[in-house]
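Keep in mind it's a predicted model, so treat the numbers as computed, not measured.
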Amino acid sequence: MATERYNPRAAEPRWQKAWDSAKLFEARNDDPRPKYYVLEMFPYPSGRIHIGHTRNYTMGDVVARYKRAKGFNVLHPMGWDAFGMPAENAAMQNKVHPRDWTYGNIAAMRAQLKVMGLSIDWSREFATCDVDYYHRQQMLFLDFAEKGLVTRKTSKVNWDPEDMTVLANEQVIDGRGWRSGALVEQRELTQWFFRITDFSQDLLDALDRLPEWPEKVRIMQQNWIGRSEGLLIRWPLEQSTAPAGESELEVYTTRPDTIFGASFMAIAGDHPLARKAAAENPALAAFIDGIRRQGTSAAALETAEKKGFDTGIRVVHPFDPHWALPVYVANFVLMEYGTGAIFGCPSGDQRDLDFANKYGLPVIPVVMPEGEDPATFQITEEAYVDDGVMINSRFLDGMQPKQAFEEVARRLSVVAVGNRPMAERKVNFRLRDWGVSRQRYWGCPIPMVHCDACGVVPVPKADLPVKLPDDIDFDRPGNPLDRHPTWRHVACPKCGKPARRETDTMDTFVDSSWYFARFTAPWEDRPTDPAAASDWLPVDQYIGGIEHAILHLLYSRFFVRGMRATGHLDLDEPFRGLFTQGMVVHETYRSADGHWLQPTEVRIETDGAGRRAVEIATGRPAEIGTLEKMSKSKRNTVSPEEITDGYGADTARWFMLSDSPPERDVEWTDEGAAGAHRFLQRVWRLVSGAARALGETVPQPAASGGAGAVSRAAHKALKAVGEDIEKLAFNRAIARIYELTNVLTGPIGDIEDADPAMKAACREAVSILTHLLAPFMPHLAEECHATLGGRRMVAESPWPQYDPALVVDTQITLPVQVNGKKRGDLTIARDADQGEVERAALDLDFVQKALEGRKPRKVIVVPQRIVNVVA
RNA sequence: GCGGAUGUGGCGGAACUGGUAGACGCGCUGGAUUUAGGUUCCAGUGCCGAAAGGCGUGGGGGUUCGAGUCCCUUCAUCCGCACCA
């Protein structure tokens with residue numbers, strides 16, 4: 001039968017328009033149905049939609065369309081993470097205003113996204129650089145400040161010399177700026193901070209209440225927060241050696257049990273005691289200077305020698321007034337962690353051991369593996385870090401390290417140094433406060449004013465927004481707001497005298513820390529409608545890249561806590577379900593002379609012997625390289641347009657979700673895309689053929705025989721696909737749809753001669769198939785649905801319900817094993833009891849043969865699963 | 001160093017709580033249809049073997065009637081964090 005090929009280029013825009021005019025995807029806040037909020041991490045408007053974006057949004061769209069069909073009030077919005085450096089770089093390079101560049105990119109990318117046929121509520125779209133958005137962000141900042149969640153402090157910051165801005169710890173990767181790649185320097189600056197550390201414990205505890213987050217992400221956040229329990233010990237200084245005014249050294253340790261193994265103290269170069277000592281000791285000052293210049297990259301740290309310098313200061317051991325220990329300044333002690341001072345126990349820590357060996361310090365073993373002889377147990381080159389039994393530790397001898405910890409804590413907590421206990425228990429976190437000041441133009445201005453008389457004064461809410469000035473120059477690096485002739489000059493809101501605006505703008509991670517809440521009521525003139533935000537949130541399914549496992553997700557979790565404290569919503573956590581999807585990767589190709597070739601520049605030839613690549617332009621063989629994340633440098637990119645122009649959006653959507661599980665990388669191949677398109681055309685032939693042959697066949701109860709098989713296949717697929725989508729197992733759902741299509745191909749080919757029951761079963765089955773396809777290939781599904789005479793659009797139709805009676809078989813085929821090896825099958829009624837199954841199995845020829853007349857020793861019947869005859 | 005994964009045909013991958021390993025797709029082989037094809041349809045496709053049969057989920061061992069799945073051990077690859085006291 002001759003069928004027109006399905007033409008996606010005609011059909012897809014038509015259906016997109018139909019969905020649009022019916023406003024099918026616009027969510028209403030007053031809709032009484034249960035809500036479902038599905039969100040993909042919003043894109044940075046770089047200029048082009050990348051194929052990775054497409055995969056991400058398609059996953060969210062499948063969920064959104066499925067949930068909508070299941071009767072939920074679905075919120076599926078889209079916006080733009082639009083502030084940031086690239087806009088300024090473009091301004092510097094191309095003399096284009098960051099605003100124009102950004103909004104131009106947004107327009108281009110929005111058009112690209114629309115081609116994909118995503119079921120997005122575009123009425124809620126915004127960009128974080130919209131004044132409407134950052135205005136409300138400034139309101140939040142002031143509310144946070146009022147609640148004490150914002151502080152201003154001088155601290156050592158990571159300074160990116162290329163971008164001329166401060167970076168958060170999280171933005172320093174291997175000692176380099178996450179964006180510029182420049183080596184980061186340390187500088188002392190006064191900065192704005194969000195007090196995320198106020199929530200350290202809660203941010204940690206609440207991870208256990210996020211069962212729908214990947215384990216990996218929760219562990220990464222746990223490690224990042226880095227909680228440890230230990231003891232803060234105040235070591236008295238030997239007064240004759242101490243700088244004036246210093247009497248003790250505070251040390252944080254998680255191993256107080258090893259205190260009798262201590263042989264030195266080490267403090268950071270920035271430690272106050274080190275500074276004081278250096279003031280009187282030029283050689284020490286020079287040493288500390290050297291530490292500051294030392295690289296902080298991972299490689300530098302790896303190879304950097306552990307170096308120390310004896311300050312001459314001595315501390316007294318807390319348990320022995322006659323035991324003095326030297327205080328070194330050491331290059332491996334961090335001022336930022338704990339107290340910036342440690343005690344070194346060489347026998348229990350490899351780094352301390354190396355240090356002790358280098359400087360000839362004593363090595364006293366204090367923990368020994370169970371069963372060793374304390375008289376002979378020695379530590380020379382390798383520290384013993386495992387559990388064991390205490391030795392050489394006076395009153396701790398014989399204890400487990402855990403008991404020893406408690407004993408030391410107990411004894412020291414009752415001894416006083418001055419008016420404080422010599423030691424107290426302390427919980428320590430690795431997490432630092434979040435520095436949000438950026439010396440950039442294209443960001444949300446921090447709504448603060450500096451007045452010589454009044455100090456730092458918040459901009460009154462009535463005076464918001466603090467708008468970015470339009471007239472700016474990018475002829476020099478640095479912050480253009482600083483150089484603007486007028487913008488920074490403002491009257492002090494308090495005293496009215498001339499004052500200066502804060503010229504720092506906020507880290508763009510602030511923008512993305514609450515956008516999901518703004519989507520719930522983007523029209524509000526306050527940051528949120530607290531009721532709407534609390535109703536819609538948490539996001540039921542959040543989908544994005546693993547690269548945001550720490551930064552964005554942790555900041556958002558903090559923001560929700562801050563917004564709750566300031567009354568903007570009532571919510572524990574922003575994202576109930578989190579899914580981190582894999583990347584789209586592609587083979588790489590190199591020409592004979594070694595330069596990278598684009599996929600469009602090579603032709604792949606395949607035969608029994610394998611695959612070869614040929615450079616089209618030269619006809620010479622090209623080398624097929626490894627799979628890589630698509631990148632400009634390797635030239636292995638495929639653009640969404642290339643695919644949609646050729647095959648249409650449905651094919652692209654289908655291919656990206658088939659085969660590979662969504663959390664893994666998917667390899668883009670031409671063969672795969674072509675295969676997906678073949679399937680699309682096959683479905684169209686099948687459904688349109690069925691529609692023509694069946695006309696208005698009235699569905700009637702499926703009968704037995706072939707019609708029953710068709711019905712059962714359809715209902716089984718219906719059940720399975722729904723369950724797979726719920727689990728985000730898109731590849732499995734797609735395999736199910738293929739299976740159903742394979743089952744239907746035969747019967748529908750012969751449909752002209754079929755009986756009415758078969759016709760009815762096929763009619764129902766193709767209708768089910770259409771609904772199953774709809775989340776994945778929504779345009780094709782609409783076309784099929786219309787061809788079948790569907791009244792409404794699929795996008796506004798409910799998900800069909802499967803018939804429970806049709807998803808179980810009455811006859812089942814059990815594998816029959818003899819001695820654990822499969823020898824054949826047994827077809828029997830599903831509800832046959834164990835005895836029947838056993839008798840029938842023993843009657844089977846191949847079982848008889850295998851038994852050779854012997855009685856079986858045992859017959860194992862697992863109902864509805866397997867029979868195993870043990871001979 | 002610490003933490004986390006992953007390992008199944010030529011390839012991507014299925015296999016729910018221990019129960020027919022390889023669903024589904026790609027590729028490949030053979031055949032049919034078509035003016036032709038990069039179309040469509042049919043059949044085949046884990047490995048060895050003519051067959052009977054045997055062997056098969058990174059390697060080795062174990063538990064079990066039965067192991068891809070559980071336990072021990074080992075190897076390989078990938079990812080994250082990392083001078084954190």
Side-chain angles (χ1 to χ4, degrees), chain A residues 3 5 174 214-220 222-224 226 228 230 251-255 258 266 268 294 296 298 300-302 304 306 330-334 336-345 348-352 354-355 385 428-430 546-547 549-550 606-611 627 654-655 658-661 663-667 669-676 678-679 681-682 685 720 723 727 729 731-742 745 749 813-825 856-871:
Chain A
T3 308
R5 278 176 76 83
D174 288 345
E215 180 82 19
K216 181 186 171 80
V217 174
R218 285 185 308 199
I219 288 170
M220 282 167 78
Q222 254 171 41
N223 292 340
W224 191 263
S228 69
V251 167
Y252 174 74
T253 177
T254 56
R255 293 297 302 275
T258 64
Q294 152 188 309
T296 52
L301 292 175
E302 191 69 33
K306 308 299 177 236
N331 63 348
F332 57 84
V333 180
L334 307 172
E336 294 79 39
Y337 188 80
T339 60
I342 64 166
F343 77 76
C345 173
D349 182 291
Q350 192 59 46
R351 188 191 55 202
D352 292 349
D354 294 343
F355 190 86
V385 296
N428 200 64
F429 293 95
R430 214 181 70 110
I546 185 72
E547 67 273 20
I550 296 172
T606 26
D607 58 25
R611 302 174 70 243
L627 292 175
W654 183 260
F655 174 60
S658 55
D659 296 351
S660 287
E663 68 275 14
R664 278 197 224 169
D665 293 351
V666 65
E667 185 195 352
T669 62
D670 282 346
E671 294 90 339
R678 256 198 319 271
F679 177 70
Q681 294 292 355
R682 192 176 146 213
R685 275 196 309 278
E723 288 168 356
K727 285 184 256 177
N731 57 322
R732 293 214 299 266
I734 282 175
R736 299 286 192 176
I737 295 173
Y738 272 112
E739 275 179 340
L740 177 59
T741 309
N742 291 344
T745 300
T813 301
L814 292 178
V816 177
Q817 298 180 330
V818 178
N819 292 332
K821 282 216 176 296
K822 190 196 167 189
R823 296 296 163 175
D825 290 315
R857 279 200 291 152
K858 202 179 201 193
V859 180
I860 290 155
V861 176
V862 183
Q864 289 161 42
R865 282 212 182 267
I866 202 165
V867 180
N868 189 11
V869 178
V870 187

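Picking from B:A85, B:G25, B:C65 the nucleotide with the shortest atom distance to the side chain of A:Asn868 gives B:C65. With B:G27, B:A85, B:C79 as the candidates, the nucleotide lying closest to the side chain of A:Glu671 is B:G27. Of the candidates B:G80, B:U39, B:C16, B:G80 carries the atom nearest the A:Met220 side chain, counting heavy atoms from C-beta on. For A:Ile342, whose side chain is taken as the heavy atoms from C-beta onward, the closest listed nucleotide among B:C81, B:A85, B:G12 is B:A85. Side-chain proximity of A:Lys216 to the nucleotides B:C79, B:G19, B:C24 is greatest for B:C79. Each of B:A14, B:U20, B:C83 was ranked by its minimum atom distance to the side chain of A:Pro661; first place goes to B:A14. Across B:A82, B:U20, B:A85, the shortest atom-to-atom separation from the side chain of A:Trp224 is found for B:A82. You'll find that the side chain of A:Asp825 is closest to B:U20, out of B:U20, B:U17, B:C84.
Using Watson-Crick or G-U wobble geometry with both donor-acceptor distances under 3.5 Å, B:A85 finds no partner in any strand shown. Applying the Watson-Crick and G-U wobble criteria (two distances, each under 3.5 Å), B:G68 pairs with nothing in any strand. B:U40 and B:A32 make up a base pair, with Watson-Crick or G-U wobble contacts both under 3.5 Å. Across all strands shown, B:C24 forms a Watson-Crick or G-U wobble pair, both distances under 3.5 Å, with B:G12. Base-pair partner of B:G7: B:C75 (Watson-Crick or G-U wobble, both distances under 3.5 Å). For B:G80, the paired nucleotide is B:C2, the pair qualifying as Watson-Crick or G-U wobble because both relevant distances are below 3.5 Å. Remark: B:G18 base-pairs with no nucleotide in the shown strands. Criterion, Watson-Crick or G-U wobble with two distances under 3.5 Å.
For the OP1/OP2 pair of B:G25 and a distance below 4.0 Å, the side-chain nitrogens and oxygens of A:Arg678 include no atom meeting the criterion. OP1 or OP2 of B:G25 lies within a sub-4.0 Å distance of a side-chain N or O belonging to A:Asn742. Contact annotation: A:Lys821 side-chain N/O to B:C55 OP1/OP2 distance is under 4.0 Å. OP1 or OP2 of B:A15 lies within a sub-4.0 Å distance of a side-chain N or O belonging to A:Arg732. The side chain of A:Lys858 places an N or O atom within less than 4.0 Å of a non-bridging phosphate oxygen (OP1 or OP2) of B:C65. Within the structure, a side-chain polar atom (N or O) of A:Asn731 is placed less than 4.0 Å from OP1 or OP2 of B:A14. Contact annotation: A:Arg664 side-chain N/O to B:G12 OP1/OP2 distance is not under 4.0 Å. Contact annotation: A:Tyr337 reaches the phosphate of B:A85 (side-chain N/O to OP1 or OP2, under 4.0 Å). Not one side-chain nitrogen or oxygen of A:Arg682 sits closer than 4.0 Å to the OP1 or OP2 atom of B:U39. Between A:Arg685 and B:C41 there is a side-chain polar atom (N or O) within less than 4.0 angstrom of OP1 or OP2.
Residue A:Thr339 comes nearest to A:Val251 through the heavy atom pair OG1-CA, 3.5 Å, listed as atom of the first residue, atom of the second, then distance. Of all heavy-atom pairs between A:Asp352 and A:Phe343, the closest is OD2-O, 4.1 Å.
Comparing B:G62 with B:C11, their P atoms are spaced 30 Å from each other, to the whole Å. Annotation: B:C24 and B:C71 have their C1' atoms spaced 33 Å apart (nearest Å). Here the separation of B:G44 from B:A23, taken at their P atoms, is 12 Å to the nearest Å. Spacing of C1' atoms, B:G7 relative to B:U69, comes out at 14 Å, to the nearest Å. Taking the C1' atoms as reference points, B:G46 lies 5 Å from B:G9, given to the whole Å. A distance of about 24 Å separates the C1' atoms of B:G4 and B:A14, rounded to the whole Å. Rounded to whole Å, the separation between the P atoms of B:A76 and B:G59 comes to 15 Å. Taking atom C1' in both B:C79 and B:U73, the straight-line distance is 24 Å, to the nearest Å.
Side-chain atoms of A:Arg823 and base atoms of B:U20 include no donor and acceptor less than 3.5 Å apart.
The distance from atom CH2 of A:Trp654 to atom P of B:G12 is 21 Å, rounded to the nearest whole Å. Put simply, CZ on A:Arg218 is 11 Å from P on B:A5, counting in whole angstrom units. Rounding to whole angstrom units, CZ of residue A:Arg736 and P of B:A14 are separated by 13 Å. One interatomic measurement links the two molecules: CD of A:Gln222 to P of B:G80, which rounds to 19 Å at whole-angstrom precision. Nucleotide B:C84 holds its P atom 12 Å from the CD atom of A:Gln350, rounded to whole Å. Between A:Phe355 atom CZ and B:A85 atom C1' there is a gap of 13 Å when expressed in whole angstrom units. Protein atom CG of A:Asn223 is 18 Å distant from nucleotide atom P of B:C79, rounded to whole Å. Spacing between atom CG of A:Leu627 and atom P of B:C78 amounts to 13 Å, rounded to whole angstrom units.
If you check every strand for non-hydrogen atoms under 4.0 Å, A:Ser658 touches nothing. Note on A:Gln817: a base of the nucleic acid sits closer than 4.0 angstrom, heavy atoms only. No contact: A:Val859 has no heavy atom under 4.0 Å from any strand. In this structure, A:Ile219 reaches the sugar-phosphate backbone alone: every heavy-atom distance under 4.0 Å involves primed, P, OP1 or OP2 atoms, never a base.
Inter-residue side-chain proximity for A:Val816 and A:Asp825 is flagged as unmet; no heavy-atom pair is nearer than 4.5 Å. Side-chain contact between A:Ile866 and A:Gln817 is present, with heavy atoms from C-beta onward closer than 4.5 Å. In this structure, A:Arg823 and A:Val869 have side chains that are not in contact, with every pair of non-hydrogen atoms separated by 4.5 Å or more. Using a 4.5 Å heavy-atom threshold, the side chains of A:Ile342 and A:Phe332 count as touching.
Note that the CG atom of A:Asn868 and the CG atom of A:Leu814 stand 12.0 Å from one another [nearest 0.5 Å].
For the residue pair A:Ser228/A:Tyr252, the side-chain donor-acceptor check at 3.5 Å is satisfied.
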Which is it for A:Val870 and A:Asn819 under the side-chain contact (heavy atoms from CB on, under 4.5 Å) test, yes or no, and what are the steps along the way? CA-CA 5 Å; A:Val870 187; A:Asn819 292 332; 3.8 Å; yes
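Using the six-membered ring where Trp is involved, A:Phe679 and A:Trp654 have ring planes that are parallel, under 30° apart on the 30 and 60° scheme.
Ranked by how close their nearest RNA chain B nucleotide is to the 5' end, A:Gly338 and A:Ile546 are led by A:Ile546. Two residues, A:Thr813 and A:Ile860, neighbour RNA chain B, and the one matched to the more 5' nucleotide by heavy-atom proximity is A:Thr813.
The glycosidic torsion of B:G9 lies within 90° of 0, placing the base in the syn range.
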